[in-house]
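All remarks here apply to the structure that follows.
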Amino acid sequence: MTDVTTHQAEDDARNEEILIYVDGRIVPKAQAMVSVYDSGFMLGDGVWEGLRLYDGKWAFLDEHIDRLFEAAKAIDLDIGMGRKGVISALLETQNANEMTTDAHARLMVTRGIKTRPFQHPGLSRSGPTFVIIMEHSQPKIPRPITLATVPHQRGLPMTQDPKLNSHSKLNCILACIAAQKAGADEALMLDVHGFVNTTNACNFFIVKNGAVWTSTGDYCMNGITRQKVIDLCRANDIPVFERNYSLVDTYSADEAFLTGTFGAQTPVSTIDGRAIGSGEPGPVTTRLRQLYKDLVGRA
């Protein structure tokens with residue numbers, strides 16, 4: 001079985017020539033660098049946001065910018081500019097790369113360069129580092145994703161709140177490694193009570209008897225695509241439940257899919273070696289993908 005990830009895209013030679021935003025400058029990819037003393041490199045001290053460009057428009061832009069500023073405030077990080085400045089930097093980077101559609105942007109803000117290589121945030125005295133990487137990106141997933149349940153949890157907010165898009169992603173990386181060691185593409189992670197929660201990279205849904213289930217949301221990223229799917233279900237008479245459910249419920253699901261900014265809705269074929277439904281995208285997943293595509297077109 002070939003390796004597949006939820007962020008797999010078509011090869012695009014143009015990405016070798018992209019221009020990257022680094023602290024107010026637009027520079028070639030080969031020149032886009034930050035200091036080894038940067039807080040993000042040294043300690044994972046920063047937050048990020050992913051956005052997707054469709055037909056000249058950044059999908060759900062205001063909600064993504066809201067989430068970036070919410071995360072920055074939560075970790076007491078001053079981005080160094082307001083919403084208009086962040087959006088201006090995004091559009092400047094887009095225009096410099098002449099991108100009009102099928103592009104993905106990753107906005108990254110760290111606490112900046114440290115005076116010494118230690119943890120205390122007071123050692124970050126140069127102000128924030130702000131980077132935007134923007135790539136030509138057409139999703140290309142040759143088959144549905146396979147998942148394996150792992151021991152790594154999405155934990156309590158007093159440890160590292162899973163609602164933060166932080167640079168500190170080691171817990172999720174270890175989960176993904178464990179899943180790959182088990183022969184799957186990515187990891188299915190449980191919450192602290194043992195209920196099904198999310199994957200290492202995306203939010204997770206199942207379909208049972210025509211109804212859509214997802215976690216309570218207490219221990220997962222407050223996903224924008226996740227919420228759009230819930231809203232689409234409610235607006236289109238598709239029963240949807242945010243609830244606690246177990247692996248027993250999951251293994252017997254008719255369909256399963258992931259949600260995220262990059263892949264929108266990504267179907268799942270097997271979990272822990274058990275086929276989910278037919279192993280192919282089911283009717284509810286297929287309908288939601290079309291409803292989401294229509295929503296993006298109207299946004």
Side-chain angles (χ1 to χ4, degrees), residues 1-10 139-155 162 169-221 223 225-226 229-230 233 238-289 292:
M1 183 178 290
T2 56
D3 292 335
V4 175
T5 79
T6 52
H7 295 96
Q8 195 159 319
E10 295 268 9
K140 181 187 179 182
I141 299 177
R143 57 167 174 77
I145 292 289
T146 64
L147 300 176
T149 309
V150 299
H152 308 79
Q153 298 176 342
R154 289 295 181 111
K169 300 295 288 184
L170 186 58
N171 183 47
C172 294
I173 292 167
L174 290 173
C176 189
I177 290 170
Q180 290 180 327
K181 296 289 187 183
D185 298 319
E186 297 198 2
L188 183 63
M189 302 175 73
L190 309 181
D191 67 21
V192 295
H193 304 293
F195 295 114
V196 173
N197 190 8
T198 181
T199 74
N200 58 275
C202 298
N203 284 309
F204 179 74
F205 289 74
I206 62 172
V207 180
K208 293 176 73 73
N209 300 318
V212 175
W213 295 16
T214 192
S215 72
T216 62
D218 293 336
Y219 304 100
C220 71
M221 165 57 62
T225 310
R226 174 186 187 271
V229 166
I230 293 169
C233 287
I238 302 171
V240 61
F241 302 98
E242 295 177 84
R243 60 171 29 149
N244 289 322
Y245 61 95
S246 72
L247 284 171
V248 172
D249 300 308
T250 303
Y251 295 149
S252 61
D254 303 312
E255 307 172 40
F257 61 91
L258 316 179
T259 61
T261 299
F262 179 86
Q265 295 79 39
T266 303
V268 174
S269 60
T270 68
I271 300 173
D272 297 332
R274 296 158 172 86
I276 304 301
S278 68
E280 297 297 324
V284 176
T285 303
T286 301
R287 184 183 178 199
L288 283 169
R289 292 173 87 175
Y292 183 80

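Along the sequence shown, the residues carry numbers beginning at 1.
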So how far is it from [X] [atom1] to [Y] [atom2], rounded to the nearest 0.5 Å?
X: Ser215; Y: Asn197; atom1: OG; atom2: CG; value: 4.5 Å
X: Ile271; Y: Phe204; atom1: CD1; atom2: CZ; value: 3.5 Å
X: Thr214; Y: Tyr245; atom1: OG1; atom2: OH; value: 5.0 Å
X: Tyr251; Y: Thr270; atom1: OH; atom2: OG1; value: 10.5 Å
X: Ile145; Y: Glu186; atom1: CD1; atom2: CD; value: 5.5 Å
X: Gln180; Y: Asp185; atom1: CD; atom2: CG; value: 8.0 Å

Provide the closest heavy-atom pair for [X] versus [Y] in the form atom of the first, atom of the second, distance.
X: Leu147; Y: Ala184; value: C-CB, 3.6 Å
X: Thr198; Y: Arg154; value: CG2-CG, 3.3 Å
X: Ser269; Y: Gly279; value: CB-O, 3.2 Å

For the side chain of [X] and the backbone of [Y], is there at least one donor-acceptor N/O pair under 3.5 Å apart?
X: Arg287; Y: Gly282; answer: no
X: Asn171; Y: His152; answer: no
X: Asp272; Y: Arg274; answer: no
X: Asn200; Y: Ala187; answer: yes
X: Thr146; Y: Val268; answer: no

Quick one: does [X]'s side chain get under 4.5 Å of [Y]'s, heavy atoms only?
X: Pro281; Y: Gln265; answer: no
X: Thr199; Y: Thr6; answer: no
X: Val150; Y: Leu188; answer: no
X: Val212; Y: Leu288; answer: yes
X: Ser252; Y: Lys208; answer: yes

Legend entry - salt bridge (Lys or Arg N to Asp or Glu O under 4.0 Å) contacts touching residues 238-258 (sequence neighbours left out): Arg226-Glu242, Arg234-Glu242
Inset, instruction - Apply the test side-chain contact (heavy atoms from CB on, under 4.5 Å) to residues Leu258 and Asn203: give CA-CA distance (whole Å), side-chain angles for both, the deciding distance (0.1 Å), then the verdict. - result: CA-CA 5 Å; Leu258 316 179; Asn203 284 309; over 6 Å; no
Inset, instruction - Decide side-chain contact (heavy atoms from CB on, under 4.5 Å) for Thr285 and Phe205; before the verdict, give the C-alpha distance in whole Å, the side-chain angles of both, and the deciding distance to 0.1 Å. - result: CA-CA 10 Å; Thr285 303; Phe205 289 74; over 6 Å; no
Legend entry - Partners meeting side chain to side chain contact (heavy atoms under 4.5 Å, CB included) with His7 (sequence neighbours left out): Thr5, Ala201, Phe262
Legend entry - Verdict with reasoning, Phe257 to Val229, per side-chain contact (heavy atoms from CB on, under 4.5 Å): CA-CA 11 Å; Phe257 61 91; Val229 166; 4.2 Å; yes
